[in-house]
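I have placed the structure first, in the form of structure tokens, so that the comments after it can refer back to it.
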Amino acid sequence: MAAEDVPVSNFIREIIDRDLADGKHASIVTRFPPEPNGYLHIGHAKSICLNFGLARDYNGQCNLRFDDTNPSAEDVEYVDSIIEDVRWLGFDWGKNLFFASDYFEQMVAYAEDMIRNGKAYVCTLTPEEFKEYRGVPTRPGLPSPWRDRPVEENLDLFRRMRAGEFADGQYVLRAKIDMASPNLHMRDPAIYRIKHAHHHRTGDRWCIYPMYDFAHGLEDAVEGITHSICTLEFEVHRPLYDWLLDQLDVPCHPQQIEFARLNLTYTVMSKRKLLELVRAGTVSGWDDPRMPTVSGLRRRGYTPASIREFCRRIGVTKTDSLTDIALLEHCIREELNATAPRVMAVLDPVKLVVTNYPEGQVEMLEGVNNPEDPAAGVRQVPFSRELYIERDDFMEEAPNKYFRLKPGQEVRLRYGYLVTCTGCRKDSATGVVTEVYCTYDPATRGGNAPDGRKVKGTIHWVAAAQALDAEVRLFDRLFNVERPDDVPEGGHFTDHLNPDSVKIVRAKLEPSLAQALAGDRFQFERTGYFMADAKDSKPRTPVFNRIVPLRDSWAKS
RNA sequence: UGCCCGAUGGUGUAAUGGUAGCACAACAGACUCUGAAUCUGUUUGUCAUGGUUCGAGUCCAUGUCGGGCAACCA
């Protein structure tokens, strides 16, 4: 078993172990129940890995169920993207793809059972009055004047609600529980509302829709869910979840278990805020490579395995926490270090002229594709008199510990020659370096000196005439503070947007990259991991996204 | 001021009454044809106060701090 597949224990697994040992269940059934009103993000990935991971490890089943009980915000676009994302993450629900909307008829029957049992009533209060009667946490609520409406009248009104005789908000079906409960959710919650809205799956068949609290437990029960796992904010709903299932003649009573949702530094995670960024055009869409959405991470170049590994490492608890995004970055670096072919690419080019190298000569030098993986083989890289190097790799006046090119210093051109810097030319007006000069030692072909002398620095380069010009997108975090949600009075989370979250450059790439296909990942030596963009890369003219930079202990000091 | 939940190094997470461990991050060194990777080492922790116990991060009490709950959203 690979390290990444070894499950990390957590309190939910302990509950399941106990339930299995006690014989409460012979096997488990979980579910991932998204509402199709937005794209999935890395927080959902945590839930997906949890629920599907449990099913996998315990030889159980995990359903993919769309909780589509509110047509106003939902759309097939979201259904499709969610299906694609869960599958991309590497999970399979087999035949168990369900929609809450498929249970609407059944839910109405359960609602009528509740009415007949005197556990639900049709209320005529307006939304404003409803709120008024509910009271506040510190004060009990007041019973609705319609609380004791006769069963027959409730039944009749509910059926007419369904038949479309009333306007939105005119009536609502409520559970009859306890208006004095310290738990607001137990104060006769609404369970069915009138909503004349077009549903993406049921069309105009319905004009009443069940509320989450009524629907969710029934969906779970009907599907035979054993462990209904959700996030912490539903903890206060659990008494209602349990109460409801106790009132009705359902196939089973699943156990709701809550865990803490994922928070990431330098990131916002609410669907509302992500939608706002999309709508405002702050990002190019849900799959903008800077977004924490599954589609954004995919576009950026993250692999499913790296996201799964991240989810494995963060664990599952009930503690509200803030995970350092450095851990996510570590997970993708770790994978790509082992798998990504190395190439040379100059992101901020300046010309280097090897003054004693014959003009017009081109020789092919051998580069190792992946030092971590001998099977990756070697490739040929052209070398000539004029090259491009990184502007950062030359300093006219440099500190002592600067190992790259400075006048008089010898460095290695990776897989090329040892060269000694002899000077540079600068634009007389601006002082900007336009060309750097050096001489090479012909005896050092391939990068080693026969006399055994060592050089401290090795830099990457690309032959000027053979270089492939390409667009490279350098992404950085979208926000420049750890907690973008923390805003002062009157502020907005977008105040913390990082103005430099993307920088587009024209880079010089080694010619082998002309063969790169959309979705191919590479390590650009000394700079980072990159992927050819899935949408904008064309054959022979790739466009690269920087997934994550290499660690750089020099830049820090 | 009501109810529910939580609190272990900078961050995340283990330890289930018996040696506080792991990972990320940071720092230092070794190695290096990537200032990467790798290797070695270092710093930093049980929210507080009582109690139970031979023994408490763990159990109990009180307090403190943090989060959630007052959509006909999920």
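A note on names: the letters A, B, ... follow the listed sequences, proteins ahead of strands, and every chain is numbered from 1.
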Across the strands shown, which category fits Leu173(A) at heavy-atom distances under 4.0 angstrom: base, sugar-phosphate, nothing?
nothing
Side-chain N or O of Arg526(A) closer than 4.0 Å to phosphate OP1/OP2 of G35(B):
yes
Nearest heavy-atom pair of Ile225(A) and Arg65(A): which atoms, and what distance?
CG1-NH1, 4.3 Å
Can you confirm whether or not the ring centre of Phe310(A) sits under 6.0 Å from the ring centre of Tyr302(A)?
no
Contacts of Asp451(A) meeting side chain to side chain donor-acceptor pair (under 3.5 Å) (sequence neighbours excluded), chain-then-number -> Arg453(A)
Atom CZ of Arg483(A) with >12 non-hydrogen neighbours under 6.0 angstrom:
no
Taken in chain and number order and not counting sequence neighbours, the residues that satisfy ring pair (Phe, Tyr, Trp, His ring centres under 6.0 Å) with Trp146(A) are none
Asp220(A) side chain to Tyr241(A) side chain, donor-acceptor N/O pair below 3.5 angstrom:
yes
Without decimals, in angstroms, what is the distance between Arg13(A) CZ and U13(B) P?
16 Å
Is it the case that more than 12 heavy atoms not belonging to Arg261(A) sit under 6.0 Å from its CZ atom?
no
Please confirm whether any donor atom in the side chain of Glu372(A) sits under 3.5 Å from an acceptor in the base of U38(B), or the reverse.
no
Please state the C1' separation for the pair A25(B) and G18(B) - nearest whole angstrom.
32 Å
Return whichever of Thr323(A) or Gly447(A) has its heavy-atom-nearest nucleotide of RNA chain B closer to the 5' end.
Thr323(A)
Given the C1' atoms of C54(B) and G45(B), what is the spacing between them in whole Å?
26 Å
Given the P atoms of G68(B) and A28(B), what is the spacing between them in whole Å?
39 Å
Could you check which of U1(B), G12(B), G35(B) has an atom nearest any side-chain atom of Leu322(A)?
G12(B)
Reading nucleotides 67-74 of chain B from the 5' end, what letters show protein touch, with B for base, S for backbone sugar-phosphate only, - for no heavy atom under 4.0 Å?
SBSBSBSB
Between Glu223(A) and Tyr103(A): side-chain donor-acceptor atoms closer than 3.5 Å
yes
What integer number of Å spans the P atoms of A61(B) and C24(B)?
39 Å
Side chain to side chain donor-acceptor pair (under 3.5 Å) between Glu77(A) and Tyr39(A), intermediate numbers included:
CA-CA 9 Å; Glu77(A) 176 196 352; Tyr39(A) 280 63; 2.8 Å; yes
Spacing between Lys456(A) atom NZ and A36(B) atom C1', to the nearest angstrom:
14 Å
If only atom types and distance count, is the side chain of Ser181(A) paired as donor or acceptor with the main-chain N or O of Asn183(A) below 3.5 Å?
yes
Could you walk me through whether Phe104(A) and Tyr209(A) satisfy the ring pair (Phe, Tyr, Trp, His ring centres under 6.0 Å) test, starting with their C-alpha distance in whole Å, then the side-chain angles of each, then the deciding distance to 0.1 Å, before giving a yes or no?
CA-CA 8 Å; Phe104(A) 281 172; Tyr209(A) 292 93; 5.7 Å; yes
Nucleotides 18-23 of chain B: which of its N/O atoms have a protein N/O under 3.5 Å away?
residue, atom, partner, partner atom, Å
A23(B), O2', Arg313(A), NH1, 2.9

Whole angstrom value for the distance that separates P of G66(B) from CZ of Arg483(A):
12 Å
Provide the distance between the two P atoms, one in U1(B) and one in G66(B), to the nearest whole Å.
13 Å
Can you check A28(B) for me, syn or anti if syn means within 90° of 0?
anti
When the P atoms of C22(B) and U43(B) are considered, how many whole Å apart are they?
13 Å
Under 6.0 Å between ring centres, would you say that holds for Phe66(A) and Phe99(A)?
yes
Given atom CZ of Arg187(A) and atom P of C3(B), what is their separation to the nearest angstrom?
12 Å
Nearest to the side chain of Trp554(A), heavy atoms from C-beta on, is which of A37(B), G12(B), G35(B)?
G35(B)
Are any of Arg551(A)'s side-chain N or O atoms less than 4.0 Å away from OP1 or OP2 of A26(B)?
yes
Taking the side chain as every heavy atom from C-beta outward, state whether Cys230(A) and Gln256(A) have any atom pair closer than 4.5 Å.
yes
NA contact type, Arg342(A), heavy-atom cut-off 4.0 Å: base, sugar-phosphate, or nothing?
base
Whole Å only: how far is the CZ atom of Arg312(A) from the P atom of G12(B)?
19 Å
Rounded to the Å, how far apart are Arg261(A) CZ and G12(B) P?
16 Å
Rounded to whole Å, CZ of Phe522(A) lies from C1' of A37(B) at a distance of 20 Å
Between atom CG in Asn337(A) and atom P in G35(B), what is the gap in whole Å?
14 Å
For the side chain of Leu550(A), counting heavy atoms from C-beta on, which of A14(B), A36(B), G12(B) is nearest?
A36(B)
If we take the P atom in both U49(B) and G41(B), what is their distance in whole Å?
34 Å
Mind checking if Arg404(A) touches a base, just sugar-phosphate, or nothing, with heavy atoms under 4.0 Å?
base
G10(B) to G35(B) separation - P atoms, rounded to the nearest Å:
32 Å
From A25(B), A7(B), A14(B), nucleotide with atom closest to Thr319(A) side chain
A7(B)
Just to be sure I understand: a Watson-Crick pair is purine N1 to pyrimidine N3 plus N6-O4 or O6-N4, both under 3.5 Å. Using that and G-U wobbles, which stems of three or more pairs involve RNA chain B?
B:2-7 with B:64-69, B:10-13 with B:21-24, B:26-30 with B:38-42, B:47-51 with B:59-63
Heavy atoms only, 4.0 Å cut-off, all strands: where does Ser181(A) land among base, sugar-phosphate and nothing?
nothing
Just jot down the side-chain contact (heavy atoms from CB on, under 4.5 Å) partners of Asn448(A), sequence neighbours excluded, or say none.
Arg412(A)
Under 4.0 Å between any heavy atoms, over every strand shown, what does Glu329(A) touch: base, sugar-phosphate, or nothing? Just pick one.
nothing
Residue closer to the 5' end of RNA chain B, Arg445(A) versus Phe11(A) (nearest nucleotide):
Phe11(A)
